[in-house]
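Scope of the values below: all heavy atoms of this structure, side chains included, with no hydrogens, waters or symmetry mates. We count residues from 1, following the sequence as given.
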Amino acid sequence: MARERAGLTKKKLAELLDKKPSAVTQFESGKSGLAFETFTRLVQALKIHPAYLTTLLPESPQLKIETCHFRANRSVTQAERYQAVRYAQDVLAIYRALERRGVTFPDVAFSTYEGPELSERKIEEYSITVRKNLGLGLGPILNMAELLESIGVFIILLPCECAKLDAFATWIDDRPCIMITADSPASRMQFDYGHEFAHILLDENRSSGDPLTERIANRFASAFLMPYPTFSTDCPRKFSLSVFISVKDFWHTSIAASMYRARQLDIMSERNYRSGIISLTREGYRRSEPKEFDRPLPTSLDQALQLVSSDTTISDLANEIGLYQEQLIDVLKTQGISSETISSLSPAPQKAKIINFPAR
């Protein structure tokens, strides 16, 4: 696990330890113990707290890569997926540490789908049903992160080195979790949340990366964020950048996603859609769209840390989950934890008392 967190293959770690790959396999399986010198070199090679390799830490959630729904992206290696999963596991360990301190996070407030395979038409109906069950109506969802956290989803922000993954989702210990790249554009994050929410609702027991599964997740995200009854009356039939910027501003979805939705619903013709895409490409807006709104970021972890800040320190948490304090602070910053909250968990060292002895 620690090796995967560091993004190292067995062969690479063996080279750093001056061992054979088979020796690393023996270490990881528990079939062979570690000499103190090897243990020290292992800690240094993996840049981890020594406790991370022991059984002294409280039991932490075990994320299994085979249960995670990843996008079908050939440029992403299996080592990169493992690294992202292990990073997410460290963040989940923070949630567990807070729960042990009495913090209660929102219960899961939705049911997963159980029924026959959904067609694309049925996905449209199902997305409206989900909205109705959540009391959302048919208007825009301005902040998907806020919505998902309120119904019991843990959101974990991934560091920039995981950017190629975009996002992935899984269930762990009856808790739905969405992992998403921290620095994605706001409109991209909104759609990625919707896509991963579909996997949470529909695909707990499905294989990852299946083209049909991904297509259905995209359709659900479109239908959930831009429901047909209301979006169809608001969306233009022809491309105009200024008009689609206003659509983006109102619906909090990207221009590209709004245009695709318009084409999906036959609001825009294929010719108008292609013309619009060409215009966006010419302006360089396919990669970076104009007029982004505020990024929908999670806040529950920051709020939970504030609740325990009077009797918990960075040092306490770091020791409990097996990270160095500097590593934990980096993780918290990636999770969007405010500098004020981090400071409240890092009490100023007490000044040494100076005692003046009377002269003899």
Side-chain angles (χ1 to χ4, degrees), residues 1-9 12-13 43-49 52 60-65 68-71 73 75-98 144-145 148-149 153-170 172 176-193 195-196 199 208 287-288 292 294-302 304-305 314 317-318 320-339 341-342 345-346:
M1 184 175 72
R3 171 180 59 80
E4 294 163 350
R5 183 181 181 278
L8 297 176
T9 62
K12 182 61 178 177
L13 180 58
V43 166
Q44 293 173 343
L46 297 176
K47 300 178 181 178
I48 55 172
H49 193 289
Y52 206 87
S60 61
Q62 298 297 311
L63 264 175
K64 296 181 180 179
I65 195 168
C68 297
H69 283 276
F70 293 99
R71 314 284 173 88
N73 186 342
S75 69
V76 179
T77 66
Q78 191 72 343
E80 289 171 323
R81 292 189 180 96
Y82 271 114
Q83 187 175 20
V85 166
R86 297 312 171 209
Y87 180 90
Q89 192 160 301
D90 285 344
V91 179
L92 284 172
I94 300 173
Y95 277 99
R96 291 292 182 262
L98 292 169
M144 277 292 292
L148 292 170
E149 287 193 312
V153 179
F154 281 176
I155 297 175
I156 295 171
L157 300 177
L158 299 172
C160 58
E161 53 263 32
C162 299
K164 289 193 295 183
L165 287 168
D166 290 326
F168 63 98
T170 191
I172 180 165
C177 302
I178 291 177
M179 283 58 68
I180 188 167
T181 305
D183 58 357
S184 291
S187 56
R188 177 67 176 269
M189 290 185 87
Q190 281 280 95
F191 194 87
D192 282 346
Y193 283 132
H195 180 103
E196 300 308 325
H199 287 313
S208 174
R287 288 182 174 273
S288 180
E292 286 289 350
D294 291 338
R295 291 164 67 233
L297 298 173
T299 60
S300 64
L301 189 57
D302 188 282
L305 287 166
I314 289 289
L317 287 173
E320 189 170 331
I321 64 179
L323 294 178
Y324 289 115
Q325 291 187 48
E326 297 78 8
Q327 291 175 321
L328 176 57
I329 289 172
D330 285 342
V331 170
L332 294 179
K333 287 180 178 178
T334 299
Q335 298 315 300
I337 307 305
S338 67
S339 57
T341 300
I342 293 175
L345 294 164
S346 308

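Of the possible donor and acceptor atoms, none in the side chain of Q325 sits under 3.5 Å from a partner among the backbone N and O of A318. Of the possible donor and acceptor atoms, none in the side chain of Q335 sits under 3.5 Å from a partner among the backbone N and O of I156.
One distance of note links CG of L165 with CD of Q83; it measures 9.0 Å at 0.5 Å rounding. Atom CG of L148 sits about 5.0 Å away from atom CD1 of I155, to the nearest 0.5 Å. Atom CE of residue M144 and atom CE of residue M189 lie 11.0 Å apart, to the nearest 0.5 angstrom. Residue I337 holds its CD1 atom at 7.0 Å from CD1 of I342, rounded to the nearest 0.5 Å. Remark: I178 CD1 to H69 NE2 distance equals 11.5 Å, nearest 0.5 Å. Atoms CD1 and CD, on I321 and Q89 in that order, are 11.0 Å from each other to the nearest 0.5 Å.
The two residues A145 and Y193 make their nearest non-hydrogen contact at CB-OH, 3.6 Å. Among all heavy-atom pairs drawn from R71 and A167, the shortest one is NH2-CB, 3.8 Å. Minimum heavy-atom separation, V85 to C68: CG2-SG, 4.1 Å. The two residues A186 and D294 make their nearest non-hydrogen contact at CB-O, 3.8 Å. Smallest separation of non-hydrogen atoms from S346 and I314: OG-CG1, 3.3 Å. Taking every heavy atom of both residues into account, C177 and L92 meet most closely at SG-CD2, 3.9 Å.
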Is there a side chain to side chain contact (heavy atoms under 4.5 Å, CB included) between I94 and L332? Walk through the geometry before answering. CA-CA 9 Å; I94 300 173; L332 294 179; 4.0 Å; yes
Could you walk me through whether K333 and I329 satisfy the side chain to side chain contact (heavy atoms under 4.5 Å, CB included) test, starting with their C-alpha distance in whole Å, then the side-chain angles of each, then the deciding distance to 0.1 Å, before giving a yes or no? CA-CA 6 Å; K333 287 180 178 178; I329 289 172; 3.7 Å; yes
Are V331 and Y87 close enough, and set up right, to give a side chain to side chain contact (heavy atoms under 4.5 Å, CB included), and what steps lead you there? CA-CA 9 Å; V331 170; Y87 180 90; 3.9 Å; yes
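Residues E292 and R188 are not paired through a salt bridge, judged by the lack of any N-O separation under 4.0 Å between the basic side chain and the carboxylate.
Classification of the H195-H199 ring pair by plane angle, with boundaries at 30° and 60°, yields perpendicular.
V91 has its side chain out of reach of F154: every pair of non-hydrogen atoms, C-beta onward, lies at least 4.5 Å apart.
For the pairing with F168, the side chain to side chain contact (heavy atoms under 4.5 Å, CB included) check across I180, D192, L158 returns one residue only, L158.
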